[in-house]
Amino acid sequence: ETGVTQTPRHLVMGMTNKKSLKCEQHLGHNAMYWYKQSAKKPLELMFVYNFKEQTENNSVPSRFSPECPNSSHLFLHLHTLQPEDSALYLCASKAEGGGRFNEQFFGPGTRLTVL
Amino acid sequence: AQKITQTQPGMFVQEKEAVTLDCTYDTSDQSYGLFWYKQPSSGEMIFLIYQGSYDEQNATEGRYSLNFQKARKSANLVISASQLGDSAMYFCAMREAQAGTALIFGKGTTLSVSS
């Protein structure tokens with residue numbers, strides 16, 4: 001089992017749909033992150049969770065709603081999205097104070113297209 | 001102002017040659033860390049190398065080395081003996097101690113290795 005998994009890998013949705021992205025990590029980490037990667041833009045931090053508590057919300061519109069039920073799972077609930085929300089959504093995790101370099105481990109991402 | 005600047009949108013190199021990917025950063029924090037990640041077409045971000053702001057030696061990890069010039073605020077990635085599998089996007093990122101655990105990414109450089 002790879003360290004950080006994300007499902008689905010690809011998602012196409014209409015602007016009125018409600019969908020959820022799922023991230024799961026099997027590394028025993030206690031910090032999890034959502035990033036958005038749009039074309040020709042740097043990765044943008046969206047949310048940070050530490051020990052299941054949200055510690056950062058980087059001015060993300062309310063149509064994105066994160067949920068972290070436990071340290072291993074992170075969801076991103078989507079509703080009434082706009083076409084400009086089409087992007088690659090990356091999940092990452094990190095061990096607090098852990099890892100050789102305290103690095104983040106990323107999942108493969110969900111490629112989201114909003115029609 | 002951009003915190004992480006990668007000025008090379010694309011780089012081309014032949015197999016077995018060395019290549020340098022540029023990265024400059026901007027921070028007023030004394031304690032920070034610099035990371036390089038590789039993103040193949042599959043989407044997953046793969047951690048390559050880390051340099052701490054207090055590290056006196058340049059970081060090395062196998063064929064990767066980081067040319068850290070603190071006064072110039074640059075952290076260039078050097079890949080020696082390029083391989084076809086090195087073709088990917090490369091991202092420079094920074095974590096500032098005062099700004100929490102999230103990473104700030106540059107726009108990335110696309111590296112193409114030819115035979």
Side-chain angles (χ1 to χ4, degrees), chain A residues 2-11 23 25 27 29-51 53-60 87-112, chain B residues 1-7 9-10 23-26 31-55 57 59-62 64 66 68 75 88-110:
Chain A
T2 55
V4 182
T5 58
Q6 290 186 244
T7 54
R9 294 294 310 276
H10 300 272
L11 178 62
C23 175
Q25 56 96 1
L27 301 167
H29 292 168
N30 41 41
M32 296 188 78
Y33 308 78
W34 279 117
Y35 288 90
K36 175 184 178 183
Q37 186 178 22
S38 305
K40 299 182 182 179
K41 291 177 69 175
L43 269 78
E44 301 169 78
L45 176 69
M46 299 177 74
F47 300 104
V48 181
Y49 277 82
N50 280 289
F51 295 97
E53 298 296 320
Q54 189 181 127
T55 54
E56 286 188 53
N57 176 340
N58 202 24
S59 302
V60 181
L88 181 69
Y89 288 85
L90 289 160
C91 174
S93 72
K94 187 177 80 68
E96 198 58 37
R100 273 181 74 194
F101 307 112
N102 220 13
E103 69 271 28
Q104 293 180 18
F105 293 79
F106 284 80
T110 295
R111 175 71 62 189
L112 174 67
Chain B
Q2 285 188 42
K3 290 260 189 179
I4 297 287
T5 302
Q6 294 181 254
T7 57
C23 173
T24 57
Y25 59 92
D26 182 27
S31 178
Y32 53 89
L34 298 158
F35 299 77
W36 276 93
Y37 281 84
K38 172 185 177 182
Q39 186 180 40
S41 56
S42 58
E44 184 176 354
M45 300 282 279
I46 302 167
F47 167 73
L48 296 178
I49 196 166
Y50 168 83
Q51 181 84 42
S53 58
Y54 295 117
D55 295 340
Q57 304 257 0
T60 61
E61 290 285 345
Y64 305 107
L66 202 151
F68 181 45
M89 281 281 286
Y90 288 80
F91 291 92
C92 180
M94 176 172 65
R95 182 181 65 229
E96 298 169 293
Q98 293 185 16
T101 63
L103 296 174
I104 305 166
F105 284 85
K107 290 186 177 182
T109 295
T110 301

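We use all heavy atoms of the structure for the numbers below, so side chains are in, but hydrogens, waters and symmetry mates are not. Below, chain A is the first sequence line, B the second, and so on; all start at residue 1.
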Worksheet entry | For chain B, the option from A:G107, A:A92, A:G109, A:P42 that forms the most heavy-atom pairs under 4.5 Å | A:P42

Discussion item. Let me confirm one number: the CD-CD distance from B:E44 to A:Q6, rounded to the nearest 0.5 Å.
Written reply: 9.0 Å

Portion of [X] that has a non-hydrogen atom of chain B nearer than 4.5 angstrom:
| X | answer |
| --- | --- |
| A:E56 | side chain |
| A:R9 | side chain |
| A:Q37 | side chain |

Discussion item. So for B:Q6, is it side chain, backbone, both, or neither that comes closer than 4.5 Å to the heavy atoms of chain A?
Written reply: neither

Discussion item. Minimum heavy-atom separation for A:Q104 and B:Y37, please, with both atom names.
Written reply: O-OH, 2.8 Å

Worksheet item: Which heavy atom in B:G43 sits nearest to a heavy atom in A:L90, and how many Å separate them?
Response: O-CD2, 3.7 Å

Discussion item. Any side-chain to backbone donor/acceptor pair from A:Y33 onto B:L103? Under 3.5 Å, distance only.
Written reply: no

